[in-house]
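Here is the structure we will look at, set down as structure tokens.
Start at 1 and go down the list; that is how both ligands and their atoms are numbered. This is a predicted model, so every value here is computed, not measured.
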Amino acid sequence: MTATATGLTIRVLERDGEKPELIVALARLIVDAYPGLGIDTSAAFERSVERVRDMLAYPEARFAIAERDGELAGAMRLYDYEMNVRGRDALTGGLGSVAVSLVHKRRGIARAMVDWYIDDYRRRGASFAALYPFRLDFYRALGFGYGTPMQRYRFAPAALRDDGARGTPRLLGETDLDAILDCYERVRASTHGLIKRHRTPMERALRDAELRYVGVEVGGTLRGFMQTKPIAGDHLMNRDELEVRDLLAEDDAYAAALLGYLRAQRDQFARVTIETQDAAFYLAATDPRDGSDTAVAPPAGHRVAETGLGVMYRILDVESAFATLPAAGVPFVLRVVVDDPFIAATRGAWTFRFGPHGAPRRDDGAQPDATLTIGIHDLSSVVMGSLRLRDAVHHRSANLEPRERLETVDAAFAVAQPPFCATRF
Ligand SMILES: CC(C)(COP(=O)(O)OP(=O)(O)OC[C@H]1O[C@@H](n2cnc3c(N)ncnc32)[C@H](O)[C@@H]1OP(=O)(O)O)[C@@H](O)C(=O)NCCC(=O)NCCS
């Protein structure tokens, strides 16, 4: 429990044993904060109270609440995640479902809760934090940097390429939970940014009547899968679409088999929308146009996808975050001057020795070859590899002196593939 400067008390809720009135108040708070949930009858509200009880029991997450004078003022959910950061798992604190009571807004309660969450995960030794922002600028001001952009393609199914496909597609059900989690773990082992999937949400997704999981199997082993959801178009007008999320495969040949399954749905669906952070996914179709025939930059530039910035990352500890970086081909000493208006522990200057020995080593006494001045938000993106350092410098979000060193320093942070995140929270 923590009493903050704003006179709030923030605490984690017990899994059971909390007062029933508090659970009802928490459900009310969430319903008020998220009108999109569509809770508009008392029966629906009763179900949302049950859902909150259920969420409290969810073993891989915690609910924390903020109270002022005994009154519920805010709530958030905290997720313990293991994230593949450049090949090794890093404890990462996930934040979701931030909600502030209608009568307590704009008094710094959300900020105080984010501060508490960062402190909590720092104490537990997490190097990174991650969240999906309701507003990018709000969380950027709190030190979170942009993750890899999400593209939403809208292909004609017949244009999808299934050449080189391997494996047999089949529909998956609740009994495939372990096979899905095992397959996901094999993909995760070689995919920077992927967060270990929690069992409970995956179990629920498999039970969700709106969703269909489709897998590709070889010799009885699941090698890839995706989540699909039909989106109804106009009645009888052949405008239905199939929405695809989290297309994950252990090899390109298995991904091609999943595309083949989607291609075979062309009698039923006018378009297949695929959400992906793969920047070259337009190559998945012989014609990647989205069907709008819109010129993005007239007269050129066919529209092929919509782009969104979603997941954001934050370094919680500069030294342990730098310990995730690989060896550098060319040795150099870098002084990093970090601006962090929100958290003192990640504000200041650190000097690191980069070289072929392995991850950069802190050595504050070393004479720097270059000095990088950067905000914690962009540093977080650069360390995670969702932003190239040279781009941050080019757009005046960071400064490197002397500039002649930029190529060497940029190469030391580069990743083969920007981080993927297939977990929504
Ligand atoms: C979004 C939400 C969590 C923000 O909560 P909040 O407690 O009002 O947030 P804060 O008070 O910490 O900050 C909000 C703004 O008030 C400002 N503020 C903070 N304290 C202030 C004060 N004492 N006086 C005036 N303004 C203040 C902040 O600087 C911030 O300004 P900005 O909008 O320019 O960034 C809340 O409005 C909410 O529950 N919304 C609906 C659900 C939602 O969108 N959740 C987020 C999903 S992750």
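- Assignment of Met113 to the shell around ligand 1 is not supported, since no heavy atom sits closer than 4.0 Å.
- Donor-acceptor pairing under 3.5 Å is lacking for the side chains of Asp378 and Tyr146.
- In terms of polar-atom proximity, defined here as any N/O pair under 3.5 Å, Val100 does make such a contact with ligand 1.
- Protein heavy atom nearest atom 19 (C) of ligand 1, with residue, atom name and distance: Gly108 N, 3.4 Å.
- Residue-to-ligand polar distances keep Pro133 apart from ligand 1: every N/O pair is separated by 3.5 Å or more.
- In this structure, Phe332 has its ring center at least 6.0 angstrom away from the ring center of Phe352.
- Which parts of ligand 1 touch Val98 is read off a 4.0 Å heavy-atom cut-off, strictly below it: atoms 3 (C), 42 (C), 43 (C), 45 (N), 46 (C), 47 (C).
- For atom 41 (C) of ligand 1, the closest heavy atom belonging to the protein is Ala33 O, 3.3 Å.
- Taking the six-membered ring wherever Trp is involved, the centroid distance between the rings of Tyr81 and His198 falls below 6.0 Å.
- Arg111 has no carboxylate O lying under 4.0 Å from a charged side-chain N of Asp115, or vice versa, which leaves the two without a salt bridge.
- Looking at Arg361 and Asp363, no side-chain N of the basic residue comes within less than 4.0 Å of a carboxylate O on the acidic one, giving no salt bridge.
- A salt bridge links Arg424 to Glu275: at least one charged side-chain nitrogen sits closer than 4.0 Å to a carboxylate oxygen.
- Regarding atom 27 (C) of ligand 1, its nearest protein heavy-atom neighbour is Arg106 O, 3.3 Å.
- Ligand-side atoms of ligand 1 in range of Arg111: 12 (O), range being under 4.0 angstrom from any heavy atom.
- Polar contact check, Tyr34 against ligand 1: a nitrogen or oxygen pair lies under 3.5 Å apart.
- Per-residue contacts place Ile109 under 4.0 angstrom from the following atoms of ligand 1 (heavy atoms of the residue considered): 7 (O), 11 (O), 12 (O).
- With ligand atoms numbered from 1 in the order given, ligand 1 contributes 39 (O) to contacts under 4.0 Å with heavy atoms of Ala99.
- The atoms of ligand 1 that sit less than 4.0 Å from any heavy atom of Phe134 are 1 (C), 44 (O), 46 (C), 47 (C).
- Atoms of ligand 1 lying under 4.0 Å from any heavy atom of Ala110, numbered from 1 in the order shown and given with element: 3 (C), 4 (C), 5 (O), 6 (P), 7 (O), 9 (O), 12 (O).
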